[in-house]
Amino acid sequence: MMIDAIKRELEQYIDPEKAEFMPRFFQTGPGGYAEGDRFLGITVPHLRRAARKFYRQISLEELEALLQDEIHEYRFTALAMLVYKFEKAETPEERREIVHFYLANADFVNNWDLVDASADKILGAYLYHRDRSVLWELARSGHLWRQRLAVIATFYFIRRGDFAETLQLAEFFLDHEHDLIHKAVGWMLREIGKRDFQVEYAFLREHYRRMPRTMLRYAIEKFDPELRRAFLQGLI
């Protein structure tokens, strides 16, 4: 089976030290955001290399089994292959099938690195010229990873100078309780600022006093030190 070949490929690159470190880094302990997730200790370059090697041959049915595996690195590899499949798809029907597959398996896109490696490249790319209401379904789901998926999907729009959806989601999530949403929103606001400082500045000036501190820090990370200090001290 193709899955067995992929797993054999990946198991060559297991690093016991990283296998010990990664559960702490990704907070897999009791009460952590990734409680119970399991790691082998394989770095992302090796995961992507395997994905490039196998994505053409693997079917969506087999890929689904890999995406639903309890091992984190197998899920990452499955998502990397799905991204490659989407990018190489030749017809709208193929891309639609991949997006439906992605959303149907959203429960397994269940850590920040999995979201960040796939949301904009699959869902954002697909929705750019289409109805975006699915982003709001995800945002209102009450589910941490689906909510982060909605935010990060808009990175595709930001790269093309389309900021409206990101700003609306950023406002929607101002009162969110989890720092992984604060970080995602702050990061996307920072990306907007790289392309149009005035757009980011106007949004921050209106909302920064209400923003969670982590969200604000991420958003202003690249600002001039004096302006950054003024925002943090509430002087804008």
Side-chain angles (χ1 to χ4, degrees), residues 33 79-80 82-83 86-87 95-96 98-100 102-103 105-107 109-224 227-228 230-232 234 236:
Y33 58 73
L79 288 167
L82 196 65
V83 168
F86 182 87
E87 292 174 345
R95 288 188 285 274
R96 186 183 309 116
I98 290 168
V99 169
H100 287 171
Y102 183 68
L103 290 172
N105 285 280
D107 285 345
V109 188
N110 57 353
N111 212 318
W112 59 264
D113 63 323
L114 304 179
V115 172
D116 297 0
S118 60
D120 60 316
K121 298 172 183 64
I122 296 175
L123 189 58
Y126 185 74
L127 295 179
Y128 184 54
H129 291 298
R130 293 177 174 85
D131 176 73
R132 301 175 183 179
S133 58
V134 67
L135 295 181
W136 290 94
E137 294 175 21
L138 294 166
R140 295 186 177 104
S141 68
H143 186 280
L144 173 64
W145 303 122
R146 290 172 185 261
Q147 291 173 326
R148 186 170 175 113
L149 197 156
V151 175
I152 301 301
T154 69
F155 198 5
Y156 189 91
F157 311 157
I158 292 170
R159 289 193 184 101
R160 285 149 186 81
D162 180 351
F163 310 138
E165 210 79 39
T166 310
L167 294 172
Q168 291 168 25
L169 285 166
E171 186 171 2
F172 179 78
F173 284 128
L174 283 174
D175 297 316
H176 199 281
E177 70 281 358
H178 205 289
D179 72 336
L180 286 172
I181 297 300
H182 305 165
K183 290 175 180 178
V185 170
W187 172 22
M188 291 301 101
L189 291 172
R190 186 171 75 239
E191 292 295 335
I192 290 174
K194 288 180 182 179
R195 294 155 178 85
D196 191 325
F197 173 80
Q198 291 303 324
V199 170
E200 183 190 7
Y201 181 82
F203 181 88
L204 292 177
R205 186 166 185 177
E206 180 177 357
H207 298 292
Y208 84 99
R209 293 180 185 275
R210 180 180 157 197
M211 283 177 126
R213 201 67 165 177
T214 297
M215 187 185 295
L216 178 60
R217 286 186 179 278
Y218 268 61
I220 65 176
E221 184 177 287
K222 301 298 183 181
F223 282 13
D224 175 86
L227 182 58
R228 190 166 64 245
F231 269 109
L232 291 172
I236 300 297

Q: Using side-chain contact (heavy atoms from CB on, under 4.5 Å) as the criterion, point out the one residue from Glu165, Gln147, Arg146, Gln168 that pairs with Leu135.
A: Glu165
(Q) Applying salt bridge (charged side-chain N to carboxylate O under 4.0 Å, His left out), can you list everything that pairs with Arg159, at least two apart in sequence or on another chain? (A) Asp120
Q | Residues in side-chain hydrogen bond (donor to acceptor under 3.5 Å, both in side chains) contact with Arg132, at least two apart in sequence or another chain | A | Asp162
Q. How long is the gap from CH2 on Trp136 to CG on Leu138, to the nearest 0.5 Å?
A. 11.5 Å
Expected list for residues 180-189: side-chain donor-acceptor pairs under 3.5 angstrom, two or more places apart:
from	atom 1	to	atom 2	distance (Å)
His182	NE2	His176	O	2.6
His182	NE2	His178	O	3.4
Trp187	NE1	Glu191	OE2	3.3

Q: Report the residues that fulfil side-chain hydrogen bond (donor to acceptor under 3.5 Å, both in side chains) with Asp116, sequence neighbours left out, ordered by chain and then residue number.
A: Arg148
Q. Hey, are the side chains of Val151 and Val115 touching, using non-hydrogen atoms and a 4.5 Å cut-off?
A. no
Q: Evaluate the side-chain contact (heavy atoms from CB on, under 4.5 Å) criterion for residues Ile158 and Lys194: first the C-alpha distance (whole Å), next the side-chain angles of each, then the deciding distance (0.1 Å), finally the verdict.
A: CA-CA 10 Å; Ile158 292 170; Lys194 288 180 182 179; over 6 Å; no
Q) If you look only at pairs with a residue in residues 199-218, which of them pass as a salt bridge (Lys or Arg N to Asp or Glu O under 4.0 Å), with sequence neighbours excluded? A) Asp175-Arg210
Going by atom type alone, with no hydrogens or angles, which donor-acceptor pairs under 3.5 Å involve a side-chain atom of residues 123-130 and a protein atom two or more places apart or on another chain?
from	atom 1	to	atom 2	distance (Å)
Arg130	NH1	Tyr126	O	2.6

**Q.** Heavy-atom pair with the smallest gap, counting every atom of Ala139 and Ala150
**A.** N-CB, 4.1 Å
Q. In chain order, what residues pass the side-chain hydrogen bond (donor to acceptor under 3.5 Å, both in side chains) check against Asp224, with sequence neighbours excluded?
A. none
Q.
Checking Phe203 now: which residues fulfil ring-ring contact (aromatic ring centres under 6.0 Å, His included) with it, not counting sequence neighbours?
A. His207
Q. In Å, rounded to the nearest 0.5 Å, how long is the span from OG1 of Thr154 to CD1 of Ile192?
A. 7.0 Å
Q. Quick one: are Phe86 and Arg95 in side-chain contact, heavy atoms under 4.5 Å?
A. yes
(Q) So, using side chain to side chain contact (heavy atoms under 4.5 Å, CB included) as the criterion, who are the partners of Ala202 when residues are at least two apart? (A) none
**Q.** Which residues share a side-chain hydrogen bond (donor to acceptor under 3.5 Å, both in side chains) with Tyr102, sequence neighbours left out
**A.** Ser118
Q: State which residues pass ring-ring contact (aromatic ring centres under 6.0 Å, His included) with Phe197; sequence neighbours excluded, sorted by chain then number.
A: Tyr201, Phe223
Q) So how far is it from Leu169 CG to Ile152 CD1, rounded to the nearest 0.5 Å? A) 10.5 Å
Q: Report the residues that fulfil ring-ring contact (aromatic ring centres under 6.0 Å, His included) with Tyr208, sequence neighbours left out, ordered by chain and then residue number.
A: Phe231
Q. Got a second to check how far Ile98's CD1 is from Leu103's CG, nearest 0.5 Å?
A. 12.0 Å
**Q.** Arg190 side chain vs Tyr218 backbone, donor-acceptor pair below 3.5 Å
**A.** yes
Q: Decide yes or no on side-chain contact (heavy atoms from CB on, under 4.5 Å) for Leu167 and Val199, but give the supporting numbers first.
A: CA-CA 9 Å; Leu167 294 172; Val199 170; 3.8 Å; yes
Q. Say you draw a straight line from OH of Tyr33 to CG of Asn111; how long is it, rounded to the nearest 0.5 Å?
A. 5.5 Å
